[in-house]
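Counting convention: from 1, in listed order, for ligands and their atoms alike. Residue indices begin at 1 and follow the sequence shown.
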Amino acid sequence: PELSLGACDQNSLKGEYLNKAKIADGGKKLRKNWTSTWVVLEDNRLFFYKESKQEALASLKQGCKSETVDLCGALVGWTTEKSSRKHVFQITTSCGQEFLLQGDNYPTICKWHDAIKKTAEALSKL
Ligand code: I3P
């Protein structure tokens with residue numbers, strides 16, 4: 001399986017395109033703008049890339065920008081109030097960033113929700 005379950009293991013999920021909207025930064029509300037984003041969970045860290053090829057370029061240290069989300073202390077939960085879309089969950093980071101992630105395929109978005117939530121909870125216990 002892609003997701004390792006051991007307590008001391010580093011949670012990782014191979015990249016996939018999900019719909020992402022950042023709705024707050026530093027506790028300040030932002031205008032919602034859904035974009036298709038290449039999402040990677042690697043060694044307990046969450047990365048957002050504009051496109052999949054940027055992940056490969058980043059690993060070659062060609063300075064490709066990703067947005068890294070600090071999951072330590074983050075809260076992760078499903079929401080039906082923050083969007084009219086189906087299958088949306090929210091990540092609220094300890095520094096006040098709020099992201100919505102959405103996918104039409106329920107098993108896929110569940111897998112991401114579960115892995116990100118589990119990672120955030122594991123990091124918070126360290
Ligand atoms: C927003 C856009 C979003 C919608 C959001 C709208 O309008 O339609 O897709 O979110 O609803 O405000 P605009 O493009 O003019 O900013 P959902 O698709 O998640 O429902 P909201 O204001 O209720 O968040």
Checklist line | Name of the residue among T35, V39, L18 meeting side-chain contact (heavy atoms from CB on, under 4.5 Å) with F48 | finding: V39
Checklist line | Pair K111 + E16, salt bridge at N-O below 4.0 Å | finding: yes
Checklist line | Path from L41 to L75 over hydrophobic side-chain contacts below 4.5 Å | finding: no
Notebook entry, point to check: Does any pair with a residue in residues 17-27 pass salt bridge (Lys or Arg N to Asp or Glu O under 4.0 Å), and if so which ones, sequence neighbours excluded?
Noted result: K20-E67, K22-D25, K22-E67
Next item on the list: Using the test ring pair (Phe, Tyr, Trp, His ring centres under 6.0 Å), find all partners of F47 that sit at least two apart in sequence or belong to another chain.
Entry: none
Margin query: So if I only count non-hydrogen atoms and take anything under 4.0 Å from ligand 1, which residues does that give, chain by chain?
Written below: R31, K32, W34, S83, S84, R85
Checklist line | Fellow cluster residues of L100, listed by chain then number, with links counted only when side-chain atoms sit under 4.5 Å apart | finding: I23, W34, V88
